[in-house]
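Here is the structure we will look at.
To find a chain, count down the sequence lines: A is the first, B the second, and so on, and within it residues start at 1. Keep in mind the model is a prediction, meaning the values are calculated, not measured.
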Amino acid sequence: MPDYGFFDNVYDVARQIPPGRVTSYGAIAHYLGTKGSSRIVGYAMQAAGTAHPPVPAHRVVNRQGLLTAKFHFGGDTMQRLLEAEGVKVKDDQVQDFKTIFWDPSIELAL
DNA sequence: GAGGTGACGACCC
DNA sequence: TGGGTCGCCACCT
């Protein structure tokens, strides 16, 4: 079996994010039990573009709901993807962030 | 084996 | 309220 590390764990959670919803790096890290590793989640997302199967990293934003990953996607690709799912984005910031916020520690806590 | 890096978060002033 | 600084832990070289 493959060496399932922290990255794969992050990918697994990110893939469970339903369309039209977004989550934060800290939320995923907290769900994994390592909230201090919020940076690791972001680092994992960097490799998410090369991960298989692909991970919807565009649904993951920072704690402020800001599209920090947008710079890595290149252009407005991230915003376009979110808007295509019904997520309203303005000024690189997710509108009604707390409303569409998807917390794995709650949704997957069952 | 050790050092450096990083798509963040929380604390301090 | 806003800006700046520190910490934090896994992956890569």
5′-ward residue of the pair A:S38/A:F6 relative to DNA chain C: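 Nearest nucleotide further toward 5': that of A:S38.
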Which is more 5' along DNA chain C, the nucleotide nearest A:Y43 or the one nearest A:R39? Just name the residue.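 Final value for this comparison: A:R39.
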Name the residue from A:E83, A:Q93, A:Q79, A:Q95 that meets the side-chain contact (heavy atoms from CB on, under 4.5 Å) definition with A:K88.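 Single side-chain contact (heavy atoms from CB on, under 4.5 Å) partner of A:K88 among A:E83, A:Q93, A:Q79, A:Q95: A:Q95.
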When A:L82 is tested against each of A:V89, A:D76, A:T77 for side-chain contact (heavy atoms from CB on, under 4.5 Å), which residue passes?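 With A:L82 as partner, side-chain contact (heavy atoms from CB on, under 4.5 Å) holds for just one option, A:V89.
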Please report the distance, rounded to the nearest Å, between [atom1] in [X] and [atom2] in [N].
X: A:I40; N: C:dG7; atom1: CD1; atom2: C1'; result: 12 Å
X: A:I17; N: B:dA7; atom1: CD1; atom2: P; result: 18 Å
X: A:L32; N: C:dC11; atom1: CG; atom2: P; result: 12 Å
X: A:N9; N: C:dA10; atom1: CG; atom2: P; result: 12 Å
X: A:L82; N: B:dA7; atom1: CG; atom2: P; result: 18 Å
X: A:Q64; N: B:dG9; atom1: CD; atom2: C1'; result: 10 Å
X: A:D8; N: C:dA10; atom1: CG; atom2: C1'; result: 12 Å
X: A:M78; N: B:dA7; atom1: CE; atom2: C1'; result: 8 Å

Hey, does [X] reach any base, or is it just sugar-phosphate, or nothing, if we go heavy atoms under 4.0 Å?
X: A:F71; result: nothing
X: A:A44; result: nothing
X: A:Y25; result: base

Do A:T23 and A:R59 have side-chain heavy atoms sitting under 4.5 Å apart?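 No, their side chains stay 4.5 Å or more apart.
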With heavy-atom distances below 4.5 Å as the criterion, would you say the side chains of A:V10 and A:L32 are in contact?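 Sidechains of A:L32 and A:V10: in contact.
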Just to confirm, is there a sub-4.0 Å distance from OP1 or OP2 of B:dC8 to any side-chain nitrogen or oxygen of A:T68?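 Yes, A:T68 has a side-chain N/O under 4.0 Å of OP1/OP2 on B:dC8.
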Would you tell me whether A:H58 and A:E85 have side-chain atoms, one donor and one acceptor, within less than 3.5 Å of each other?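 Yes, A:E85 and A:H58 have a side-chain donor paired with an acceptor closer than 3.5 Å.
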